[in-house]
Amino acid sequence: MSKKTIAVIGSGAAALSLASAFPPSYEVTVITKKSVKNSNSVYAQGGIAAAYAKGDSIEAHLEDTLYAGCGHNDLAITADVLHDGKIMIQSLLESEFPFDRNEQGDVCLGREGAHSYNRIFHAGGDATGRLLVDYLLKQIDSNIELIEHETAADLLVENGRCIGVMTKDSQGQIKVRHADEVVLAAGGCGSLFLHHTNDSSVTGDGLSLAYRAGAELTDLEFTQFHPTLLVKNGVSYGLVSEAVRGEGGCLVDENGRRVMAERHPLGDLAPRDIVSRVIHEEMAKGNRVYIDCSAISDFEARFPTITAICEKAGVDIQSGKIPVAPGMHFLMGGVSVSCWGETTVPGLYAIGETACTGLHGANRLASNSLLEALVFGKRAAEHIMQKPVYNRQYQSSSETSVIYKVPNTEVYELQSRMTNHMSILREQGSLIELSNWLHMLPFQEMNVKDITIPQLELSHLWQAAKLMTSSALLREESRGAHFRTDFPQADVRWQGRQIVHTKKGTKIRKNEGIWKNESFTAEKVAESLFS
Ligand code: SIN
């Protein structure tokens, strides 16, 4: 019997969690744009959250996740992921994954924003993602093919089913890779904004490929801006983990005033969207914001990655003050998936940041993303293994019919406009201005044979920008990371810790337009906007 074939696009923690779950009887190909070490997972400093400390519970972790997510989370998925995630952490502990431990050998659990217990597992101080990727790469069976420097250009869809992926290698050669199942694990869209924490190869490809294939996307307006990127003289050098504030660091202005004082009961460890808005407000008033880390005695040992970032930026850690500003970090929305990672297109799965599972709601709780990556990678693999082998005969795919619209603009211009109109604060007039600009941009149509990788990335980014802006216009409320200054009052969290669970979602599908699901009044926007 022939082996079942699986093509995985991306090489972060979700992709590798999935790939490492397959035994040798499956033919798995992992295709990645740069090297296997280029992913957002590799940059993850914080860690992996799980209820492990004495007194902590999955219920408490659930409550914190819903609170951070403004009740927009899918309750059943959230409970399930936190439960399965805890089991996966237990198995990492048993397989001697190098989580940081104290002198007594007990695992060190850190604290990050909006967590009510210390529950962040970290490794290498602030190098958890890098060590996790290294670990998963070692778990991968030797028969799994890892293809680097090859870019997924389009998904092959036949009779409504995804049957493979068309790629371009670094020499511009086109390859058609048929597969029984295709898994998108290509990250989010950080490169759409001027300051971001993502790997530069993360350019909204997963969103755009899924959209082109006819898959549904959900909640693209929920973009998380991490409050603390090291930004000096307008240049961003990288993330300063929330764990720094968990260890006693605090946000101050140039005069040492605590900027989070009286802004939220959790102070410096308030949910990320709130801290980002406060810093944004301070900066708009002309104040500079710093993390004062003078209370952390062993900073260099605890945070070696951040120490290196400070050195690169010429910031003296001994001064105790790191200049920070918010930057795009994580997309809560994404390709709509089931609890197994299936998209609405048969044969196509999405996992990791590319997917919208319902775990993160309107604002992700810190360190829940590596957890989601591990859980959904494994789940999608299990689901695929339960399916029969298809033994399909494929028609030959025509390269000439694969066309992209490449806008007549630079990535920098797109990033500047997205940063000005679609970041921490949003408002109808400003979003309409952006939307008009995006939709009226002149473009050229290019065939897959002729398009360069930068042009392909620009085309994906433009597509993602249009979908996200339309979603932001449609959501006329403030919730979590989507803050509309023209609808400022609605954030449920200000009513205390009470969770108002909602299934409201913005949905988009090619040829169907954009709509809000059943909890909203159905409202379709002209299809032409999405062609
Ligand atoms: C951080 O270390 O602050 C980021 C962790 C995360 O994004 O969950």
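Numbers here are sequence positions counted from 1. Counting convention: from 1, in listed order, for ligands and their atoms alike. Note that the coordinates shown come from a computational prediction; the quantities given were computed from them, not determined experimentally.
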_For the 3.5 Å polar cut-off, considering only N or O atoms, please tell me whether Asn368 and ligand 1 meet it._
no

*Contact between His122 and ligand 1, counting heavy atoms under 4.0 Å?*
no

*Ala44 to ligand 1, any heavy atom closer than 4.0 Å*: no

*What do you reckon, does Ser369 have a nitrogen or oxygen under 3.5 Å from a nitrogen or oxygen of ligand 1?*
no

*May I have the step-by-step check of side chain to side chain donor-acceptor pair (under 3.5 Å) for Asn73 and Thr78, ending in yes or no?*
CA-CA 7 Å; Asn73 322 57; Thr78 307; 4.5 Å; no

*Which one holds for Arg245 and ligand 1: side chain close, backbone close, both close, or neither close, with close meaning a heavy atom under 4.0 Å?*
neither

*Nearest heavy-atom pair of Ala13 and Val133: which atoms, and what distance?*
N-CG2, 4.4 Å

*asked:* Tell me every residue that passes ring pair (Phe, Tyr, Trp, His ring centres under 6.0 Å) with Phe22, counting only those two or more places apart in sequence or in another chain.
replied: Tyr26

*Flag Gln45 as yes when one of its N or O atoms lies below 3.5 Å from any N or O atom of ligand 1, and as no otherwise.*
no

*With Phe97, which residues qualify under ring pair (Phe, Tyr, Trp, His ring centres under 6.0 Å), at least two apart?*
Phe99, Tyr135

*Is the shortest N/O to N/O distance between Gly46 and ligand 1 below 3.5 Å?*
yes

*Measure the distances from the heavy atoms of Gln224 to every atom of ligand 1 and state whether one is below 4.0 angstrom.*
no

*Is the His226-Phe330 ring centre distance short of 6.0 angstrom?*
no

